[in-house]
Amino acid sequence: MTLLRLGLAASGWLALLAMSLPDAAPLRVAAITAFLLVCPGLATLLALRPAGARRGGHPAVILETALVALVLGLALTTLVAVALFLGGVFTATRSLLALAVLTTVMALLPVRPGARNRDTKVHAG
């Protein structure tokens with residue numbers, strides 16, 4: 001278990017803790033916004049990353065990962081909000097709780113053995 005995955009697992013609960021701060025407090029807004037934009041998407045991306053996904057410190061790979069995590073996080077946030085609205089039980093706290101649980105589960109999913117070393121070349125048959 002990497003430190004990144006453990007940090008992602010804790011991030012939602014820290015955002016929920018930030019909900020106890022006064023409304024419009026800069027720390028509350030920053031913590032919740034950062035969580036919603038980054039953490040659910042990054043946790044899901046790490047859990048569901050295709051076996052042949054590129055890794056490394058190249059700037060293009062970092063930018064690609066950041067962009068996909070951002071879009072995936074926004075999509076998950078939207079899906080949770082719509083589901084709660086349709087169920088007639090939407091509140092900011094409930095949606096944040098649902099995303100915190102989802103992020104924790106995705107961050108703590110075990111990495112499939114051998115998923116990083118699979119051969120991704122196309123072979124002529």
Side-chain angles (χ1 to χ4, degrees):
M1 189 71 45
T2 65
L3 190 58
L4 174 63
R5 287 181 176 267
L6 292 175
L8 283 171
S11 64
W13 307 107
L14 293 174
L16 272 172
L17 185 63
M19 288 288 286
S20 64
L21 295 172
D23 291 342
L27 183 60
R28 176 182 175 163
V29 172
I32 293 172
T33 302
F35 169 73
L36 290 176
L37 290 179
V38 177
C39 298
L42 186 57
T44 305
L45 184 63
L46 289 176
L48 302 177
R49 180 172 292 222
R54 296 182 296 168
R55 294 177 188 245
H58 192 273
V61 174
I62 294 170
L63 183 61
E64 175 187 354
T65 302
L67 185 62
V68 171
L70 175 71
V71 172
L72 191 55
L74 289 173
L76 289 170
T77 301
T78 303
L79 286 173
V80 167
V82 168
L84 291 174
F85 268 121
L86 291 176
V89 294
F90 177 82
T91 64
T93 305
R94 285 184 185 141
S95 61
L96 201 55
L97 177 64
L99 286 166
V101 169
L102 178 70
T103 302
T104 301
V105 168
M106 288 298 186
L108 297 180
L109 277 177
V111 177
R112 296 173 306 188
R116 294 183 180 171
N117 297 327
R118 286 190 186 157
D119 184 16
T120 59
K121 295 179 184 176
V122 177
H123 299 284

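Positions are given from 1 along the sequence. In this text the structure is predicted, and so the values were computed from the model without any measurement.
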Colleague: May I have all residue pairs that pass salt bridge (charged side-chain N to carboxylate O under 4.0 Å, His left out) and include part of residues 15-35, sequence neighbours excluded?
Modeller: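 Output for this query lists Asp23-Arg28.
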
Colleague: State, yes or no, whether a side-chain contact exists between Leu67 and Glu64 at a heavy-atom distance under 4.5 Å.
Modeller: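 Side-chain contact under 4.5 Å: no.
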
Colleague: According to ring pair (Phe, Tyr, Trp, His ring centres under 6.0 Å), does anything in residues 80-103 pair up with another residue at least two apart or in another chain? List the pairs.
Modeller: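 Of all non-adjacent pairs touching residues 80-103, those that pass ring pair (Phe, Tyr, Trp, His ring centres under 6.0 Å) are Phe85-Phe90.
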
Colleague: Side-chain polar contacts of residues 68-76 - donor-acceptor pairs under 3.5 angstrom, sequence neighbours left out - could you list them?
Modeller:
none

Colleague: If you look only at pairs with a residue in residues 68-81, which of them pass as a salt bridge (charged side-chain N to carboxylate O under 4.0 Å, His left out), with sequence neighbours excluded?
Modeller: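 Passing the test, one end in residues 68-81: no pairs.
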
Colleague: How close do Ala107 and Leu8 get, heavy atom to heavy atom, and via which atoms?
Modeller: CB-CB, 3.9 Å

Colleague: Going from CG on Leu108 to CG on Leu46, what distance comes out if it is rounded to the nearest 0.5 angstrom?
Modeller: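 Between atom CG of Leu108 and atom CG of Leu46 there are 11.5 Å.
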
Colleague: Would you give me the side-chain donor-acceptor pairs under 3.5 Å for residues 12-22, sequence neighbours excluded?
Modeller:
residue, atom, partner, partner atom, Å
Trp13, NE1, Ala9, O, 3.4
Trp13, NE1, Thr104, OG1, 2.8
Ser20, OG, Leu17, O, 2.6

Colleague: If you take all heavy atoms of Thr103 and Cys39, which pair is closest and at what distance?
Modeller: CG2-O, 3.8 Å

Colleague: Supply the atom-to-atom distance Leu102 CG to Leu79 CG, rounded to the nearest 0.5 angstrom.
Modeller: 10.0 Å

Colleague: Can you pull the side-chain hydrogen bond (donor to acceptor under 3.5 Å, both in side chains) pairs that have at least one residue in residues 77-91, sequence neighbours excluded?
Modeller: none

Colleague: In Å, rounded to the nearest 0.5 Å, how long is the span from CE of Met106 to CG of Leu99?
Modeller: 11.5 Å

Colleague: With no hydrogens and no angle check, is any side-chain donor or acceptor of Thr44 less than 3.5 Å from a backbone partner on Gly41?
Modeller: no

Colleague: For the residue pair Leu37 and Thr33, establish whether any side-chain heavy-atom pair is separated by less than 4.5 Å.
Modeller: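 A side-chain contact under 4.5 Å exists here.
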
Colleague: Tell me if a side-chain donor or acceptor on Arg94 pairs with a main-chain N or O of Leu84 at a distance below 3.5 Å.
Modeller: no

Colleague: Membership question, hydrophobic clusters at under 4.5 Å side-chain separation (ILVMFWY): are Val38 and Leu63 in the same one?
Modeller: no

